[in-house]
Amino acid sequence: MKPQPLPRDFFLAPTERVARALLGTYLVHDTPEGKTVGRIVETEAYLRNDPACHAFRGPTPRNAAMFGPPGHAYVYFIYGMYHCFNVVTQPNGTGEAVLIRALEPVLGWELMENRRLKHRPSRAIAPARLCDGPGKLVIAMAIGRALNHHDLRKSPLTILPADAFQHPGVSAKQIARGPRIGIRQAADLELRFWIDGHPCVSGPRRQATQ
DNA sequence: AAACGGATGGGCT
DNA sequence: GCCCATCCGTTTG
């Protein structure tokens, strides 16, 4: 039987719990160019009463998706040239989400590499560096503003459970946590989660690779 | 190995 | 006008 996308109820759990539960699941994007799949290895939670959260000061045109239905995408533009991809959590109107920060490439490696090289044609990219950051994975998976508000139970962009590719999943003991990256407000909150020691995690805390 | 600055443009005070 | 949920190449120790 074909694996079914994560159901709506998955995203109704407390956001911190959803951020942990997403580790080991698979982000799948079907495009005319081909299919790409990445295993989620790093996430961050953004909460309603959290000054670092885009929804903190209430709804605006930009953050509207965060106040929309759970299990939909929130895609936003940042630093004049990048996008970030989030999954909305909690009931409609709450304003919480999980940022997807890093993927382990699973399928469509060559397509992901070509997309990355188009943005940065100067050098080769090590496999573990292909999707080790929120801006990078969005380029590799070709996730753009058009997918803002997209229902992640439907084609072309879905999230499949950890067992979809015969993987046992991620146990609580394998999950590390720490402060979120790149924010000034609420910088002390430990709302970043990753698979401990995984080579595809972003930042200095990942395991040393070559 | 870590620190730093430039690119680049939308969103909000 | 200032602030970014970033990335990359260069410099520094």
Side-chain angles (χ1 to χ4, degrees), chain A residues 11 15-16 18-20 22-23 27 38 40-68 72-90 94-103 105 112-149 152 176-194 197 199-210:
Chain A
F11 304 99
T15 299
E16 207 173 314
V18 176
R20 290 199 311 253
L22 280 171
L23 297 175
L27 185 61
I40 297 174
V41 298
E42 179 183 354
T43 60
E44 282 178 1
Y46 286 87
L47 309 178
R48 194 226 294 257
N49 290 317
D50 160 15
C53 179
H54 288 172
F56 183 64
R57 294 172 198 285
T60 68
R62 179 209 199 191
N63 65 21
M66 284 193 86
F67 292 93
H72 287 218
Y74 168 46
V75 181
Y76 68 89
F77 185 61
I78 189 72
Y79 291 120
M81 54 179 108
Y82 297 106
H83 294 272
C84 289
F85 167 69
N86 301 251
V87 183
V88 177
T89 60
Q90 297 293 289
T94 307
E96 302 198 347
V98 174
L99 170 70
I100 308 303
R101 280 199 59 90
L103 304 175
M112 293 189 197
E113 185 188 36
N114 287 337
R115 288 168 174 158
R116 287 286 317 284
L117 288 172
K118 217 177 291 181
H119 281 250
R120 186 244 229 183
S122 50
R123 289 186 191 183
I125 303 170
R129 304 283 77 84
L130 204 47
C131 299
D132 67 331
K136 295 180 186 180
L137 75 88
V138 156
I139 293 169
M141 298 285 292
I143 297 171
R145 284 200 73 95
L147 287 164
N148 195 25
H149 295 283
L152 293 163
R177 75 183 300 171
R180 294 170 293 183
I181 290 181
I183 55 164
R184 328 243 317 213
Q185 306 289 324
D188 53 317
L189 295 182
E190 299 203 329
L191 293 174
R192 173 177 174 238
F193 303 91
W194 66 95
C200 297
V201 168
S202 76
R205 306 189 79 131
R206 71 178 168 233
Q207 185 168 289
T209 58
Q210 64 252 354

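Letters A, B, ... are given to chains in the order of the sequence lines, protein chains preceding strands, and every chain is numbered from 1.
Residues C53(A) and I125(A) both approach DNA chain C. Their nearest nucleotides, taken by heavy-atom distance, put C53(A) toward the 5′ side. The 5' end of DNA chain C is approached more closely, in terms of each residue's nearest nucleotide, by G80(A) than by the other of G135(A) and G80(A).
Straight-line distance from the CZ atom of R57(A) to the C1' atom of dC3(C): 11 Å, rounded to whole Å. Spacing between atom NE2 of H83(A) and atom P of dT8(B) amounts to 15 Å, rounded to whole angstrom units. Residue L99(A) contributes atom CG, which lies 10 Å from atom P of dA5(C) at whole-angstrom precision. Distance R120(A) CZ to dG6(B) P: 20 Å, rounded to the nearest Å. As a whole-Å value, the separation of Q185(A) CD from dA5(C) P is 9 Å. Separating the OH atom of Y74(A) from the P atom of dG11(B) is a distance of 10 Å, rounded to the nearest angstrom. dC2(C) atom C1' lies 13 Å from atom CD1 of I78(A), rounded to whole Å. If you measure from atom CE of M81(A) to atom P of dG11(B), you get 16 Å, rounded to the nearest angstrom.
With hydrogens and angles disregarded, no donor-acceptor distance shorter than 3.5 Å links the side chain of R101(A) to the backbone of E42(A). Using modelled atom types, one side-chain atom of R116(A) and one backbone atom of L130(A) make a donor-acceptor pair closer than 3.5 Å. Judged by distance alone, the side chain of N86(A) and the main-chain N or O of A97(A) form no donor-acceptor pair under 3.5 Å. Panel note: side chain D188(A), backbone P179(A); no donor-acceptor pair is recorded below 3.5 Å.
The base of dA7(B) does not come close enough to the side chain of Y79(A) for any donor and acceptor atom to sit less than 3.5 Å apart.
Checking T94(A) against R48(A) by side-chain atom types alone, no donor-acceptor pair falls below 3.5 Å.
Stacking annotation: F77(A) is not stacked on the base of dG9(B) (requires ring centroids less than 5.5 angstrom apart and an interplanar angle below 30 degrees).
Residue E96(A) holds its CD atom at 5.0 Å from CD of Q90(A), rounded to the nearest 0.5 Å.
Applying the 4.0 Å criterion to OP1 and OP2 of dA5(C), one finds that R184(A) has every side-chain N and O outside that range. Listed pair H119(A) / dC7(C) fails the phosphate criterion, with no side-chain N or O lying under 4.0 Å from OP1 or OP2. In this model, the phosphate group of dG11(B) is not approached by any side-chain N or O of T60(A) to a distance below 4.0 Å at OP1 or OP2. Contact check, R116(A) against dC8(C): a side-chain N or O comes under 4.0 Å of OP1 or OP2.
Taking every side-chain heavy atom of Y82(A) into account, dT6(C) is the closest of dT13(B), dT6(C), dA5(C). In this structure, the nucleotide among dC8(C), dT6(C), dT8(B) sitting nearest to the side chain of I181(A) is dT6(C).
Aromatic ring pairs are classed by plane angle as parallel below 30°, tilted from 30° to 60° and perpendicular above 60°; the pair H83(A) and F77(A) is tilted.
Across all strands, R180(A) comes closer than 4.0 Å to no nucleic acid atom at all (heavy-atom distances).
When each of V138(A), L137(A), L99(A) is paired with C84(A), the side-chain contact (heavy atoms from CB on, under 4.5 Å) condition holds for L99(A) and for no other.
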>> Expected output check: what is the dot-bracket annotation of DNA chain B, where ( ) and [ ] are pairs inside the strand (brackets for crossing ones), | is paired with another strand, and pairs are Watson-Crick or G-U under 3.5 Å?
In response: |||||||.||||.
